[in-house]
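To start, the structure under review is shown below, and the notes come after it.
Ligands are counted one by one from 1 in listed order, and the atoms in each one are counted from 1 as well.
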Amino acid sequence: MPHIQQLAPHVADLIAAGEVVERPASVVKELVENSLDAGATTVIVEIQHGGMSLIRVTDNGFGIAPEELPTAFLRHATSKLRSAVDLAEIGTLGFRGEALAAISAVSRMEVFSRCSGAELGASLCLDGGVPGRVETAGCPEGTTFVVRNLFYNTPARLKFLKSDSAEASAVAGMLQQIALSHPEVSIQYIRDGKEELHTPGDSKLLSAIYATRGRDFAMNLIPVDGAGEKVQVHGFVTDPLACRGVRNAQAFFCCGRMIKSKLLSDALESAYANRLMKGKFPGCVLHVNVPLDQVDVNVHPAKTVVRFASEAAVASAVRHVVSDALDKKEMPKQETRPVAAVVTQREDFYQRMDAKTFREQGAVRQPGQAQRRGAGPELSGRITFHDVVKPDLREDVPKPQSGFTVRTVEAKREEKAGFAGAGIVETVGEQTAIEEAVYTPWRYAGEVLRTYIVAEDGDDVWLIDKHAAHERMNFDRFKANAEPIMSQPLVAPVGVDLQPEQYGILLENLPLLEEFGFEAEDFGTGCLMVRAIPSEIDIGLVRETLEMLADKLVSGGADPGSARDAMLHTLACKAAIKGGWKSDPAELKAIIEKVQRGEVQFCPHGRPVKVKLTKYEIEKMFKRA
Ligand code: ADP
Ligand code: MG
C-alpha cells in the first residue's frame with residue numbers, strides 16, 4: 001500500500017486545475033474511482049434524497065492507514081503520484097489528490113478504514129473540511145466514506161442541483177459507466193433503501209452490459225475485438241438494425257477510464273456508413289486500450305477527456321475493427337414496414353383519402369349549406385380529419401392560399417374545382433355566391449429514394465420530403481388539439497429498459513405521458529412498464545419514442561411549456577411516415593394536396609418540405625435552353 005503524501009507545489013501546478021465536485025454524481029464518481037484504485041472487487045454505493053442528505057461508498061480495497069487518514073484530505077495529497085515524470089504514465093484513475101479535500105470542504109464527512117491484514121481500523125470526522133481526531137474503530141477490511149449534507153455551506157451550489165430523482169438518476173448513470181469500465185468489480189447501487197443496480201463483477205463485459213443497460217440492448221449486440229497499431233479495441237456495438245435515433249448509448253473507455261470522445265464517436269459512426277438509416281446512431285460499449293505513455297489523461301479536471309498521442313491511429317483502429325465486425329454480419333436490408341403498420345388505428349385521413357374520394361365525399365358544399373362568413377368559429381385555414389370524413393360537421397371554411405388561382409364562380413360549377421372545398425362562402429343579399437379557389441391538382445408522378453414525392457405542377461416539378469411534410473401535418477394537428485390523442489391499450493404490457501437519466505425524467509413526467517396517450521408505470525431498476533400507447537404510434541416504435549422524448553425533456557429543462565412541445569414534436573415525428581419506408585401512393589397523394597394548399601411549408605424543425613425544379617432549370621441542365 002503506497003503512502004499518501006502531499007505533492008510538491010511544482011508537481012501540483014502541472015495538474016489540470018478545476019472543480020470536480022458539482023453534484024452528487026461527481027462525488028460518487030470520485031469516491032468509487034478511489035475504491036477501484038484501492039483494488040476493491042466490490043463497491044456498494046448508497047444514497048438518500050438524490051445524494052443530498054447522504055452518500056455512502058463502501059469498498060473492500062486495501063484501506064488507508066490510521067495515521068494517514070488526515071493526510072488523505074489535504075489538497076494535492078495522493079499516494080498515486082510522486083513526481084512530474086509519473087504524470088506521463090498514469091495507471092490509476094485518480095492522481096490529482098484533490099477529490100477528498102474538495103468533497104470534505106463542502107459537506108460533513110466521515111471515513112472508516114481498516115487496512116488489509118490489520119487488526120483494527122480507524123475513523124475520522126470532518127466538518128466543512130475541518131478534521132476531528134482519528135479514533136480507533138472496529139470495521140471490516142476496506143474503506144467506507146460517508147458524505148452528509150452536501151453543499152450545506154455553499155448555498156449557491158445547492159441552488160443548481162436538480163430534483164432528487166434527477167440527481168439520483170445521474171448517480172445511476174455514472175455508476176453504469178463505471179460498472180462497464182470495470183466488469184471485474186461488482187457494483188451495487190442502493191437508492192433510498194432500494195437496490196437499483198447490482199453487477200455481478202464476473203469480469204465479463206456482456207454481464208455488466210446486461211446488468212446496466214438491460215436485456216433489449218444486450219440482446220442486439222455484435223462483439224468487437226481487434227487491434228491496430230499500438231491500439232487494442234474490444235467490446236460490443238449495436239446491430240445496425242437495432243440502432244436508435246439518439247447517440248446517448250455510446251460508451252467509450254480508455255485504459256479503464258470512461259471517456260467522452262468525439263474522435264471515437266465519429267470513428268464508430270464512420271464504420272456504420274451505408275449500413276444505417278439516416279438519423280440512426282449506433283450504440284456501443286468499447287474499450288480502447290493504448291500503452292499508458294500513448295495517452296494523456298491530465299487534460300481536464302474531471303478526467304473524462306483524454307488526448308491520444310496518435311489520434312489518427314486510434315480512430316482508424318476503431319473504424320476498422322468495428323467495420324470488420326459488422327462485415328461479418330450480413331448487410332442489413334433497408335428498413336421497411338407494411339403500409340398497414342404505417343396507418344393508425346384511427347384511420348388517419350390519408351388512409352382512405354385521395355383527391356377523388358375527397359371530392360366524392362361531398363366536401364364541396366352545396367349552395368343551400370352556405371354559411372355566413374363569421375357565423376362559425378375563426379377561419380383556421382386547415383382541413384382536419386373531421387372536415388374530410390364528416391362534411392356535415394364542418395364549421396370552418398379554409399381560406400384559399402396565395403399562389404392559387406382564385407376566381408368567383410357560380411355554385412353549379414363546383415365540379416370543375418380541383419379542391420372546391422377550399423372556397424370561401426359569402427352571402428351577398430339574396431344571392432349566394434361561392435368565391436372558389438380553383439386550381440389543378442399537382443400530378444403525383446411517383447416517389448424516388450423512398451423519401452421524396454415527385455409531383456408535376458404545370459411546367460414545374462416539385463420534390464416533397466414525405467417524412468418532413470407528414471411530421472408537420474401531425475404536429476399541426478396535435479398542436480391545434482383538433483382531436484385528443486387517443487390511447488391504445490397493449491394486449492401485453494411492454495417493459496422498456498432505459499438509461500438512468502431518461503428513466504428519471506420520464507418518471508417525473510408520467511402525468512404528461514398519460515395526457516398524450518402513454519400509460520406507464522415504474523417497474524424499478526430503470527424499467528418502465530408500458531400498458532397503453534398513443535394510437536398514432538406503432539408498437540415497434542415505443543422504446544424509440546420514449547427515449548427521444550426523454551432526451552428532449554432532459555435538454556429542455558423543467559419548463560412545462562417546453563415539455564408539452566417536446567411531447568408534440570416527438571409524437572409528430574414518430575407518427576409520421578419515414579424516409580426509407582415504403583408508402584402507399586394514396587398517402588403520398590394526400591400529402592401532395594396539403595403541400596399544394598400551402599398548409600405545410602416547413603417541418604417542425606424548420607427544414608423545408610418541398611423544393612421546386614422549373615422546366616427552364618431542367619432544360620438548362622440538358623442544354624435545351
Ligand atoms: P487521488 O485519488 O487523486 O489520489 P483523492 O483525494 O481522491 O486523490 O484521494 C487521496 C488519497 O486517499 C488517495 O491517493 C488514496 O491514497 C487515499 N484513498 C482515498 N480513497 C481511498 C480508498 N477508498 N481506499 C484506499 N485509499 C483511499
Ligand atoms: Mg481520487
Does the side chain of [X] pick up a donor-acceptor pair with the side chain of [Y] at under 3.5 Å?
{"X": "Y503", "Y": "D497", "result": "no"}
{"X": "E141", "Y": "N60", "result": "no"}
{"X": "D202", "Y": "S207", "result": "yes"}

Audit row: K262, D266, salt bridge (charged side-chain N to carboxylate O under 4.0 Å, His left out) steps and yes/no: CA-CA 6 Å; K262 173 123 179 25; D266 288 348; 2.8 Å; yes

Member of R133, E135, E110 meeting the side chain to side chain contact (heavy atoms under 4.5 Å, CB included) criterion with S123: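 Only one option passes, and that is E135.
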
Among all protein heavy atoms, pick the one closest to [atom] and tell me residue, atom and distance.
{"atom": "atom 17 (C) of ligand 1", "result": "I4 CD1, 3.8 Å"}
{"atom": "atom 2 (O) of ligand 1", "result": "K80 NZ, 2.7 Å"}
{"atom": "atom 24 (N) of ligand 1", "result": "A38 CB, 3.3 Å"}
{"atom": "atom 15 (C) of ligand 1", "result": "S79 OG, 3.5 Å"}
{"atom": "atom 23 (N) of ligand 1", "result": "D59 OD2, 2.9 Å"}
{"atom": "atom 6 (O) of ligand 1", "result": "L100 N, 2.9 Å"}
{"atom": "atom 10 (C) of ligand 1", "result": "A77 O, 3.4 Å"}

Within 6.0 angstrom of Y152 OH, more than 12 heavy atoms from elsewhere: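 Atom OH in Y152 is crowded, with more than 12 foreign heavy atoms closer than 6.0 Å.
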
Atom CD of E229 with >12 non-hydrogen neighbours under 6.0 angstrom: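 Check fails, neighbour count at 12 or below.
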
G63 touching ligand 1 at heavy-atom level, < 4.0 angstrom: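 Contact check G63 vs ligand 1: positive.
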
Any F145 heavy atom less than 4.0 Å to ligand 1: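 Contact present.
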
Nitrogen or oxygen atoms of T78 and ligand 1 under 3.5 Å apart: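 Yes - when backbone and side-chain N and O of T78 are compared with those of ligand 1, one distance drops under 3.5 Å.
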
Polar contact flag for A99 and ligand 1 (N/O pairs, less than 3.5 Å):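 N/O-N/O distance below 3.5 Å exists for this pair.
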
Provide the number and element of each atom of ligand 1 under 4.0 Å from a heavy atom of [X].
{"X": "A72", "answer": "10 (C), 12 (O)"}
{"X": "R96", "answer": "3 (O)"}
{"X": "E98", "answer": "6 (O), 8 (O)"}
{"X": "G94", "answer": "2 (O), 3 (O)"}

Option whose closest heavy atom lies nearest to atom 27 (C) of ligand 1, chosen from I64, L81, N34: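 Checking each option, the heavy atom nearest atom 27 (C) of ligand 1 is found in I64.
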
Closest candidate by heavy atom, reference atom 3 (O) of ligand 1, pool G97, C115, A102: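 It is G97 that holds the nearest heavy atom.
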
